[in-house]
Amino acid sequence: MELQKRLQTVENRIRSACEKAGRSRDEIKIIAVTKYVGVAETRQILAAGITNIGENRWQVAKPKWEELAPLADWHFIGQLQTNKVKDVVGKFAYIHSLDRISLADEIRKKAVALGITVSCFIQVNVSGEKTKSGLAPDELSAFAKQVGAYEGIRIVGLMTMAPHVADPEDARPVFRGLRRLRDDLNRSGVLPYEANELSMGMSNDYAIAVEEGATWLRLGSVLVRG
Ligand SMILES: *Cc1c(COP(=O)(O)O)cnc(C)c1O
């Protein structure tokens with residue numbers, strides 16, 4: 001399938017999920033996850049109007065970032081080792097995988113040195129699968145309280161990965177759980193500001209994620225591979 005057709009299919013599904021849930025289409029942004037493809041294909045995606053680009057490893061992102069950096073907003077969506085923070089902060093406007101204090105300390109240090117603020121999502125392991133990273137839901141409040149006071153970091157919302165399930169409907173409770181955690185967090189006032197974004201939904205389950213309140217979809221194979 002052509003990129004345009006794939007985009008159209010995604011767009012149609014997002015719109016019908018919005019309709020079903022009574023949401024407005026402009027609440028939802030698409031991140032094209034380009035980890036499977038190179039510079040040329042990433043350039044096509046940008047030309048098609050998707051300007052948020054997601055990558056999960058710096059080494060894989062590097063050739064694309066070096067070539068295309070000013071044309072996109074860059075999202076780091078993968079697990080981030082503390083010793084890799086120096087490669088990411090200053091290049092990626094968003095980090096979706098903030099899940100521990102040692103990582104927040106490192107991001108702060110680098111951001112403050114550069115005089116910038118990095119927009120971060122706190123990753124939460126809503127499903128509780130042992131293989132998934134992210135904070136346990138009951139750790140979220142104390143973590144947000146601490147990091148919310150950090151210079152150089154702005155918590156913009158929460159991120160989760162749903163389990164791989166045959167029927168995407170089974171991912172719904174995980175998405176709903178993340179939305180509730182966000183609502184509780186904002187109600188509790190532990191952050192000095194509101195954090196409204198929900199980074200959730202991938203190729204196999206994004207329609208359900210939209211129905212449950214996603215504001216950022218991370219779409220790889222459905223966009224770049226058809
Ligand atoms: C690869 C990846 C995605 C995109 O996955 P697809 O199933 O190809 O859409 C989304 N989020 C993260 C964290 C990823 O690593």
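In listed order, ligands and their atoms are each counted from 1.
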**Prompt:** Is the shortest side-chain N to carboxylate O distance from R23 to E211 below 4.0 Å?
**Reply:** no
**Item:** Short N-O contact, E2 and R6, less than 4.0 angstrom
**Value:** no
**Prompt:** Should the pair H96 and F121 be assigned to parallel (<30°), tilted (30 to 60°) or perpendicular (>60°) ring geometry?
**Reply:** parallel
**Complete:** The complete set of side-chain hydrogen bond (donor to acceptor under 3.5 Å, both in side chains) pairs with one or both residues in residues 47-56, sequence neighbours excluded, reads T34-E55, N52-H75, E55-K64
Going by atom type alone, with no hydrogens or angles, which donor-acceptor pairs under 3.5 Å involve a side-chain atom of residues 79-86 and a protein atom two or more places apart or on another chain?
{"unit_1": "Q81", "atom_1": "OE1", "unit_2": "K84", "atom_2": "NZ", "d": "3.4"}
{"unit_1": "K86", "atom_1": "NZ", "unit_2": "N83", "atom_2": "O", "d": "2.8"}

Please output the side-chain donor-acceptor pairs of residues 133-162 that fall under 3.5 Å, not counting sequence neighbours, one pair per line with the distance.
{"unit_1": "E139", "atom_1": "OE1", "unit_2": "A136", "atom_2": "N", "d": "2.8"}
{"unit_1": "Y150", "atom_1": "OH", "unit_2": "D105", "atom_2": "OD1", "d": "2.5"}
{"unit_1": "T160", "atom_1": "OG1", "unit_2": "V124", "atom_2": "O", "d": "2.7"}

**Fill in**
At a 4.0 angstrom heavy-atom cut-off, ligand 1 is contacted by V33, K35, Y36, N56, I77, M161, M202, S203, R218, L219, G220, S221
